[in-house]
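Read the structure below first, then the notes.
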Amino acid sequence: MARVRLENITKRYGEETAVDGISLEVEDGEFVTFVGPSGCGKSTTMETVAGLTQPSEGDVYIGDDKVTKLAPKDRGVAMVFQNIALFPHMDVYENISFGLRLRKYDDEEVRRRVEQAADIVQLEGMLDRMPAEMSGGQQQRVGIARAIVRNPDVFLMDEPLANLDAKLRVHMRTELQRLHRELNATIIYVTHDQAEAMTMSNRIAVLNDGKLQQIAPPLVCYNEPTNLFVAGFIGSPSMNFAEGELDENGVQTPNFHIELDPATVPNASVGDAVTLGVRPEDVHLSAYADSLNQPTAPIDARSDVLEPMGDEVFVYLLLAEDAERTMDEDPASSSGQLLMSVTPDTDIEAEQDVDVVLDRSKIHLFDTETGDALTHDITDQSEREPGTTATEADS
Amino acid sequence: MTDTRDSPQSDDSNGREDRTTATDSRAERFRSSSGLRADGGRETTESDRAAIFEGSQDAELDRGPFQQWAANSIENPERVYRGMFYVAAIFFLFTTLFPFYWLLMVALTPEGQLQDIIFTPNGFNPGAFIEVFQVIPFHWYVFNSFVIATASTILVLVVGSLAGYAFGRLEFPGKTPLLLLVLVISFFPPAAFFIPLNDLFNTSFFMLEPITGDGTLYNTPGAMVLPLSAIFMPLAIFILTTFYAQIPDGLEDAARVEGTTRLGALFRVIIPLSAPGVATAGVLTFIAVYNEFFFSFLMTDGQPQNWAPILEGILAYQGQYEVMYNLMAAASIIGVIPVAILVVVAQEKIVSGLTAGALKE
């Protein structure tokens, strides 16, 4: 096992910059997930670690060695692919032992290690099957066995679960976590699914437009997102945003006003454009305001649509009479609408006037222009330390 | 192919019959039920409807045999297609196989009676197939041809694989112009290369002396392997490029991460998965070199010990005063055998190779 360090990795394809100066370090035995929308450069970044892509600038270190110029086979990495990439002309045994046989291990050692790897991923008795005869989940387990059999320094997993069906995906998620614990391996995992990133990783690296937005433990990314992108990307359904302006008394958005002392907001002054963010579970009916430490003043709203999910109910609130119902993918992010999540026993119906309050300790303020987080808590007494654990990529 | 197309067809016609009988019985039920009402007007409509059902059968009675055949063909085009298939197949089989039949007839006819072959041999002399080896060392010529064709095939496959990998799987500036250049070279008539090549191969090179004795390539397999490989290379490059381009990048990446170089991935993963394409390119090259006339005829002095190919062997039955046509025919048949065996062995792969190359998934 080994540490992985990326130093200012940049990859350009002609005019396009796919990866833009990414620097980060993955500790020995750590499970780090690269997450971001498609085309954000996460796969390219991983390919530079694997050696399948040469970075235009920057260096890759595995352990203490600079491996930027090394061929993939000499880097001590193993990779699990999204399209599984089993060799179709070899049976399971030959697939798993491919790397060992290339390295001229003797037959007994190969058999012993293949059987051990097959045991870990629960593939006993399937070693003589051809990949085409197996289900998607079994094939991906062969892919994982092929990676672990060589006992590599670093595991690279490029969306390994993306081609599996939903139920199997959840199952494999727990298997991968178990595997990480058993092997105590350094794993770099790429996904566009923030749920996978949240559930499995020690730390999440959020990428967008080829830049590292934040690398932090999942809950830090969730509770203290470093900018608007991370705030919107991590969490499902995503955070509510309302653009507004900082005035003497607080934050004025088109539909409501939140009181606060502008002096307590770091790096912002009166008159600045700010974006207020609040997660659906931090929006409450004013009837429940007592249970909160510091609720905001009630905000008039009208419930529009209810989405009962079983364990919770999502309520789409319209803040203004004439609020437009947007057909965006992310309705909660448009001003004029607010998404609230409540427990199923809450007494609320569609098309009903309600008052809601926000949890002041869970309100995030962002600089609208730069997108950077200003504060993650606007309670009066407590001290505010925005994003101390968060690292800024391009500062 | 015809089988699979037949079965749904027959299913379909069965279904159609079922449907007509169903309609008939429905019409009958309807008629009987309307009969109960004793409503004259309704009765007429029913008989009209029945007339519509029977209309097609009535019309058939008026047709002549040709019209009836045309109507049947329109109704059941499968039958016509099948008929056309047999006609075409028999035609092609005849044009392909008749020359071999005729060769066999000539070979079996004793010398001196060759003028009067109609469709059966004029006499019976199977000994000609042994005589060919007694008159000249024909097996030696066959061996020479076999070695030359095998060496050319290996050379073409190795070089063509490397080129096919580069053209099919890499992006580099000037890729399309280079591929077109390869294509353009294959347009030149091979004869255009002959004089300079012959001159070159008759020039003595110091470093070749330990290998060929006099330092020239004339009268060595090299004099045929080199130009013939070059001539048949473009086709192989095109076939292999198409195949290698279709192997998913992920498989090559996986092989490289697992421990091969790019070249290792080519030989361990890409080539085995492109087996039909490699077999096709290989067999086509082998046959083309084995059958080649021009260079084979001119690059040696015709002696078997000087690597003269099978062609020279067949022509060796042509003496100054007589031509032993029956032995030439027998030798020709013997010469075809290696290729025939090769094609039969590789046939399955070739067919899938030729079609898979055309259909890109």
Side-chain angles (χ1 to χ4, degrees), chain A residues 13-14 43-44 46-53 67 70-90 94-105 131-132 139-140 142-150 152-160 162-163, chain B residues 157 161-162 164-166 168-177 240 242-282 346 348-350 352-353 355-357 359-361:
Chain A
Y13 292 103
S43 286
T44 311
M46 171 172 278
E47 282 172 12
T48 63
V49 178
L52 296 170
T53 300
V67 298
L70 283 187
K73 68 191 177 73
D74 301 324
R75 295 190 178 204
V77 299
M79 198 158 169
V80 181
F81 294 84
Q82 174 178 0
N83 50 16
I84 301 174
L86 296 183
F87 307 119
H89 57 304
M90 301 180 191
E94 289 168 322
N95 260 291
I96 297 177
S97 62
F98 186 75
L100 296 179
R101 287 183 287 129
L102 282 173
R103 285 173 177 74
K104 309 264 184 264
Y105 283 84
Q139 287 183 8
Q140 194 52 285
V142 177
I144 293 167
R146 184 173 66 183
I148 61 183
V149 76
R150 283 195 290 122
D153 292 334
V154 182
F155 285 98
L156 304 174
M157 303 197 178
D158 189 359
E159 308 212 21
N163 287 1
Chain B
L157 286 184
S161 281
L162 297 176
Y165 177 85
R169 303 190 65 81
L170 301 180
E171 286 300 326
F172 54 91
K175 178 166 141 177
T176 315
L240 295 175
T242 320
F243 272 87
Y244 296 169
Q246 288 174 37
I247 305 298
D249 287 344
L251 289 179
E252 190 188 347
D253 288 349
R256 286 174 63 202
V257 171
E258 283 297 301
T260 68
T261 55
R262 276 184 183 276
L263 207 59
L266 172 65
F267 284 101
R268 284 170 191 277
V269 175
I270 296 171
I271 290 180
L273 289 177
S274 308
V278 177
T280 307
E348 214 170 293
K349 292 249 153 103
I350 299 174
S352 66
T355 50
L359 304 168
K360 214 167 180 185
E361 281 166 50

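In this text, all values refer to a predicted model and were calculated from it rather than measured experimentally. By convention in this document, chain letters (A, B, ...) are assigned in the order of the sequence lines, proteins followed by strands, and residues within each chain are numbered from 1.
- Side-chain contact between A:R150 and B:E258 is present, with at least one heavy-atom pair separated by less than 4.5 Å.
- A distance of 12.0 Å separates CZ in A:F87 from CD1 in B:I247, rounded to the nearest 0.5 Å.
- Inter-residue side-chain proximity for A:L102 and B:R268 is flagged as met; some heavy-atom pair is nearer than 4.5 Å.
- Contact count versus chain B (heavy atoms, under 4.5 Å) is highest, among A:R146, A:K73, A:E47, for A:K73.
- Contact annotation: the side chain of A:F98 approaches that of B:T260 to within less than 4.5 Å [non-hydrogen atoms, C-beta and beyond].
- One distance of note links CG of B:L251 with NE2 of A:H89; it measures 8.5 Å at 0.5 Å rounding.
- Taking all atoms of both residues into account, the shortest heavy-atom contact from B:G250 to A:A85 is O-CB, 3.6 Å.
- In this structure, no portion of A:L100 lies under 4.5 Å from any heavy atom of chain B.
- When the candidates A:A147, A:G143, A:P88 are compared by the number of heavy-atom contacts under 4.5 Å with chain B, A:P88 comes out ahead.
- With rounding to the nearest 0.5 Å, the separation of CG in A:L52 from CG in B:D249 is 10.0 Å.
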